[in-house]
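Chain identifiers are assigned alphabetically (A, B, ...) following the order of the sequence lines, protein sequences preceding nucleic acid strands; residue numbering begins at 1 within each chain.
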2 protein chains.
Amino acid sequence: MIQENSPALAPQRREHLRQMLREGGVARVEDLRRKLDVSVATIRRDLEILEEDGKVRRVHGGAVSMESRLEEPVFENKTSLAAKEKQRIAEEAYSLIESDEAIYLNGGSTTLFLARLLRERSDLTVVTNSLQAAIELADSGPRVILIGGELRRISQTMVGPLTSAVLAQVHVDKAFMGTMGFCLKNGLTTTDPNEAYSNEIVAEQAGQVILLADSNKAEKVCFARFSDFDKIDLLITDRNLSAEYTKSLPKIGVKVRTV
Amino acid sequence: MIQENSPALAPQRREHLRQMLREGGVARVEDLRRKLDVSVATIRRDLEILEEDGKVRRVHGGAVSMESRLEEPVFENKTSLAAKEKQRIAEEAYSLIESDEAIYLNGGSTTLFLARLLRERSDLTVVTNSLQAAIELADSGPRVILIGGELRRISQTMVGPLTSAVLAQVHVDKAFMGTMGFCLKNGLTTTDPNEAYSNEIVAEQAGQVILLADSNKAEKVCFARFSDFDKIDLLITDRNLSAEYTKSLPKIGVKVRTV
DNA sequence: TGCTTTTCGTTCAAAAGCGATCAAATTCAA
DNA sequence: TTGAATTTGATCGCTTTTGAACGAAAAGCA
């Protein structure tokens, strides 16, 4: 017997369409037609409806989604650079998190990996100044508190004097901090002074400060310093970190875990 | 074994229908008819009843379950038919913005349309509690200041006591506010008290308060009230707004523009 | 620029779905 | 059993949706 594929309901089909658009960002009419197995006229009509709802913007040859998530052109390459290491570091960090804790994530690609691991943890409270992290967690999972302030475009984080107002009013059990560079002599540094200022406040207040940094960050010194190693409780890094660090850091009270 | 179709009792059949809908999320009338072995008229009547009970939403060709799992793609939320109007309202609002101003946008779809128009305006400062608006403007355009606080999932806005800390420290020339409902008697209302609180603070402090609301919002009253009309300088709406409003609002000092 | 190809919007007709109506079947109570 | 009420199924206009056709507009190319 032939199982006649009853065609999808119109709203269902439009929802499907919308989702395909959102995933790919853009799509051509012809491709959509083939996937949904209807005529181009129908696709066009559907796109028209979706456009009226503001979900989609039509362009010659297809349509682009109006709801695709924030692009990350800058991050893209950065994340792929040491993605393996960062993923492992994030997983190790995740294993430290207990039930019902409040944690802080600052901006950066490493902490973003960690954010992605938190999507199912509805018992947590996540405080962050990272727009990306907030987006990752916007739909489900932990309670999210986003630090306000001026949006710094390059890093897509909130920085500036306004942030400290909120930071002063919250307390987190564990702060997971990424950094642009670290070294024994200069401590932890990043490029932007505002960013550094936010980090500094958090490092002072958090119950524990856990530094997430792959070995590429070692020996790097950037413009703005935000903490010394004595504020750091634990460094999670990869196996390529030189022995110089793995030996001397524990002596000044910083535990080190390599993954 | 032959399943003798002992004609199921009506309530039993409807329960069965409801369950099939819930499992599949959607179903078309013809398929349901075949499975239950009754006429389409009966199916339609059943669906009508289920719809009245809010279990199901009917669409052309079938029905969508309203009680499918939370994770299922929640269908096409109440047809935001007003997208056209919202676009026009946003364009009118845009025309009011002068050079180098600081403006506020609260959450909601209407203000999101406005945010999209601001992407090229690098002379402006945009203060907002809307994650969506921030995302729209994250890559280029105006200086963005995102109000911190707890992320309210449904609306994707920042709300709660922490927001007021930042709000107190900024001043905007024009606040463009969306609302869930407005009426002459109860003023402006929205569903969430926290959301209302943020709106209230802004309405107090802003140089001008400009309400963006299509006519569907008229006569709607929600739980949390955040402003009276006397705080509002201008209402931008569409032509369908009843004369009751367009006549009486100017008398109490609220200019009205219909687009 | 002018030409070709693709895509678009519109129109039209076929098909599918809908609500209303009515009659047959069923149920229930007297 | 009878008669009324309810439920069901069938039919008939009417609306919505769909796909094909065709000229207009846009994009690509020489």
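- At whole-Å resolution of the value, CD in B/E30 and P in D/dT17 are 18 Å apart.
- Between the CZ atom of B/R14 and the P atom of D/dT7 there is a distance of 7 Å, given to the nearest Å.
- If you measure from atom CZ of B/R45 to atom P of C/dC22, you get 14 Å, rounded to the nearest angstrom.
- Within 4.0 Å (heavy atoms only), B/V38 reaches sugar-phosphate atoms of the nucleic acid but no base atom.
- Using a 4.0 Å cut-off between charged side-chain N and carboxylate O, B/E91 and B/R88 make no salt bridge.
- If A/A41 and A/H60 are placed on DNA chain C by their nearest nucleotide, the residue sitting closer to the 5' end is A/H60.
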Handout entry: B/K231 vs B/E200, salt bridge (Lys or Arg N to Asp or Glu O under 4.0 Å): CA-CA, chis, key distance, verdict
Key = CA-CA 10 Å; B/K231 300 254 174 37; B/E200 194 175 351; over 6 Å; no

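- As a whole-Å value, the separation of B/L47 CG from D/dT8 P is 13 Å.
- When heavy atoms are screened at a 4.0 angstrom cut-off, A/V29 is found touching the sugar-phosphate backbone but no base atom.
- Nucleotides of DNA chain C nearest to A/G61 and B/E48 differ in position, and the one nearer the 5' end is that of A/G61.
- In this structure, B/I43 places its CD1 atom 14 Å from P of C/dG19, rounding to the nearest Å.
- When the side chain to side chain donor-acceptor pair (under 3.5 Å) test is applied to B/E30, the partners found at least two apart in sequence or on another chain are B/R33.
- The distance between atom CG of A/L32 and atom P of D/dG19, rounded to the nearest whole Å, is 14 Å.
- For C/dG19, one of the phosphate oxygens OP1 or OP2 lies less than 4.0 angstrom from a side-chain nitrogen or oxygen of B/R58.
- To the nearest angstrom, C1' of D/dT18 lies 12 Å from CZ of B/R28.
- A salt bridge between A/E48 and A/R45 is absent, with no side-chain N of the basic residue lying under 4.0 Å from a carboxylate O of the acidic one.
- For CG of A/D37, the number of neighbouring non-hydrogen atoms (other residues, nucleotides, ligands) closer than 6.0 Å is 12 at most.
- Rounded to an integer number of Å, the gap from B/R44 CZ to D/dC12 C1' is 13 Å.
- B/T42 has a side-chain polar atom (N or O) that falls below the 4.0 Å cut-off from OP1 or OP2 of D/dG9.
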